[in-house]
Visitor: 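Once you've had a glance at the structure underneath, I'll fire off some questions.
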Protein chains: 2
Amino acid sequence: MAQSARQIADELRERIHSGELAPGARLPGEPALVRDHGVAKETARRALTLLVTEGLAVRRRGSGTYVRDFRPIRRVANRRPAQDGWAAGRSIWQADLEDRPLSVTDLTVEEAPAPPRVAQALGLAEGEAVLVRDRRFVVEDQPVQLATSYLPAELVRDSAIARPDTGPGGTYARLAELGLSPDRFVEELRARMPAPDEAERLQLAEGTPVVEVWRTAFTEDGRAVELNRMLLDAGVYVMEYHLSS
Amino acid sequence: MAQSARQIADELRERIHSGELAPGARLPGEPALVRDHGVAKETARRALTLLVTEGLAVRRRGSGTYVRDFRPIRRVANRRPAQDGWAAGRSIWQADLEDRPLSVTDLTVEEAPAPPRVAQALGLAEGEAVLVRDRRFVVEDQPVQLATSYLPAELVRDSAIARPDTGPGGTYARLAELGLSPDRFVEELRARMPAPDEAERLQLAEGTPVVEVWRTAFTEDGRAVELNRMLLDAGVYVMEYHLSS
DNA sequence: TAGTGGTCTAGACCACGTG
DNA sequence: ACGTGGTCTAGACCACTAT
């Protein structure tokens, strides 16, 4: 019965995909694998680690290792009201946190010199002052997103944007009042594994990537007025974009 | 000098982020870590594994473990010609494979019954025939993307879409000739760790997530004419979306 | 051939959560 | 209290890569 970590993982993966081990089900623990497959504990452990790093399983200390679930929040970057019909009911992933409001925690607002990347995106000189709004979004006690907004400090220093509570309509409504209404956006996305501090702030399970989004808002005449860096828990989000030619 | 795997990883991570260990640089090997930190080989190994699963390092058997590089290909989902100016030179990530053509390998074309998810997205009955075009994209001998297109077989069976070479303009030009010109698109994205077979087909380094994209093409009157499932190497791609309000 | 990473063992002890 | 996962050791042997 002696097998390698890979073989044991293959067998468990097959049982997961076949549905025998459904999402949320408990996998055989390390002692069970040692007994049934005649391997050392470290080998059993490595087998489970493979599944965990694939994002297929989650470990719960003191309890066991479980098949992971995926019930995403849907993030719709641009929903065009006039075109709302065309994709209704056709989504690929089933979302069960549809349009649920995110609560904000750990909000901080401060002025700081613009880091190089931020300066370039906003068309500022490096080190020029930017207003930095940092916050964390939580759904049902689970952190799901970190967001940091950068705005040219000179433009917004005297507005409600520089205060924790930006008022009704939020940052974009205040920008509009300043004659800087955002009209077009560019989003750049990348997926990667999180750094340890990011994993901690988002309370990420192992094997969960993050999606790093940099969103730049432009006024109608092409001025960059906001840069928003978001870090999403990829185990929670599906992103949706509506494009027309 | 005895330390834990985490501490050793922390130290190496710090040296990477400080720039002392630049992208492409060789990290201290397992024997060196054993010697310098007074730990067992397995512990040194675990330290390096942490960095690898974070996507910060890549192992090369027989050679060493190296700091990873990120020089992305930029995938621009919708470039609006009239609005091209507004984001020029302002990108967050520096791309060095800008607009480089992807070569296609492993192209297969066949008819098959629609899987449930495909049937729903295309508005077909489950099991109804779809044309399946499967292919792999390669840049400089590196596979970077897997793509599978599904089209209602009844619509395209007699067109060039059913042949390996779809002719000038590709699938969308042929659809236009059939009066089914794609006009609007929905893209749904999710990032996750790859299954082993996906990792192999894309020759993914460990610690590299994939981005799964499902793109549905609609005609002007709202008919879904194509569903394209793409699997991207997240270590290679940056995705860019242009949105207007 | 020497050095690197890749895998496994058999044991130890710890930390945490559940029952 | 017990069973779970978490970490570490000291050794063995294998497989691949560079030179």
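Below, read A as the first sequence line, B as the second, and so on, with proteins coming before strands; counting in each chain starts at 1. Worth knowing before you read on, the calculation uses all heavy atoms, side chains too, and leaves out hydrogens, waters and symmetry mates.
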Visitor: For C:dT4, does OP1 or OP2 lie under 4.0 Å from any side-chain N or O of B:T65?
Guide: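 Negative; the distance criterion is not met.
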
Visitor: OP1 or OP2 of D:dG6 versus the side-chain N and O atoms of A:R59: is any pair under 4.0 Å?
Guide: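 Answer is yes, contact under 4.0 Å.
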
Visitor: Can you figure out which of D:dT7, C:dA15, C:dG5 approaches the side chain of A:K41 most closely?
Guide: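 Nearest nucleotide to the side chain: D:dT7.
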
Visitor: On DNA chain C, nearest-nucleotide positions of B:R26 versus A:E42: which is more 5'?
Guide: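 The residue mapped nearer the 5' terminus is B:R26.
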
Visitor: Which of these nucleotides, D:dT17, C:dT9, D:dG5, is closest to any side-chain atom of B:S63?
Guide: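 The listed nucleotide nearest to B:S63's side chain is D:dT17.
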
Visitor: Separation of B:H37 atom NE2 from D:dT7 atom C1', in whole Å?
Guide: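 Going from B:H37 (NE2) to D:dT7 (C1'), I get 17 Å.
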
Visitor: Whole angstroms only, please: what is the CZ-C1' distance between B:R6 and C:dC14?
Guide: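 Going from CZ in B:R6 over to C1' in C:dC14 covers 14 Å.
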
Visitor: Going by the angle between their ring planes, with limits at 30° and 60°, are A:Y241 and B:Y241 parallel, tilted or perpendicular?
Guide: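 Rings of A:Y241 and B:Y241: parallel, under 30°.
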
Visitor: Does the plane of the ring in A:W214 sit parallel, tilted or perpendicular to the ring in A:Y150? Use 30° and 60° as the thresholds.
Guide: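 Judged by the thresholds at 30° and 60°, the geometry between A:W214 and A:Y150 is parallel.
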
Visitor: On the nucleotide C:dG17, are OP1 or OP2 found under 4.0 Å from the side-chain N or O atoms that A:R60 carries?
Guide: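 Negative; the distance criterion is not met.
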
Visitor: Let's see if you can work this out: which of D:dT4, D:dT9, D:dC8 has an atom nearest to the side-chain heavy atoms of B:V39?
Guide: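 So the nucleotide nearest the side chain must be D:dT9.
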
Visitor: Could you state the atom-to-atom distance from OH of B:Y66 to P of D:dT17 in whole Å?
Guide: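 The distance from OH of B:Y66 to P of D:dT17 comes to 12 Å, rounded to the nearest Å.
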
Visitor: Any side-chain donor paired with an acceptor under 3.5 Å for B:R46 and B:S4?
Guide: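 There is no such pair (donor and acceptor under 3.5 Å, judged by atom type) between the side chains of B:R46 and B:S4.
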
Visitor: Nearest to the side chain of B:A5 - C:dC8, C:dG5, D:dC8?
Guide: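 Comparing C:dC8, C:dG5, D:dC8 against the side chain of B:A5, the answer is D:dC8.
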
Visitor: Tell me the interatomic distance from A:Q7, atom CD, to C:dC8, atom P, rounded to whole angstroms.
Guide: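 It works out to 8 Å between those atoms.
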
Visitor: Roughly how far apart are A:E198 CD and A:L231 CG, rounded to 0.5 Å?
Guide: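 It is 5.0 Å, given to the nearest 0.5 Å.
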
Visitor: Can we say A:R61 and A:E206 salt-bridge, meaning some charged N sits less than 4.0 Å from an Asp/Glu carboxylate O?
Guide: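 Here A:R61 does not pair with A:E206 in a salt bridge, since their nearest N and O are not under 4.0 Å apart.
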
Visitor: Whole angstrom is fine here: how far is it from CG in A:D10 over to P in C:dT7?
Guide: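 Answer to the nearest Å: 13 Å.
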
Visitor: With DNA chain D as reference, determine whether B:T43 or A:G29 sits nearer its 5' end, using the nearest nucleotide of each.
Guide: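 Nearest nucleotide further toward 5': that of A:G29.
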
Visitor: If I take atom CG in residue A:L50 and atom C1' in nucleotide D:dG5, what distance separates them, rounded to the nearest angstrom?
Guide: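 After rounding, the reported distance stands at 16 Å.
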
Visitor: How many whole angstroms separate atom CD of A:E30 from atom C1' of C:dA15?
Guide: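 Computing the A:E30:CD to C:dA15:C1' distance gives 13 Å.
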
Visitor: Could you please name the option among D:dG5, D:dC8, C:dT9 that lies closest to any side-chain atom of A:R46?
Guide: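 Per side-chain heavy atoms of A:R46, the pick is C:dT9.
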
Visitor: Would you mind reading off the distance between A:R45 atom CZ and C:dC13 atom C1', rounded to a whole angstrom?
Guide: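 After rounding, the gap between these two atoms is 14 Å.
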
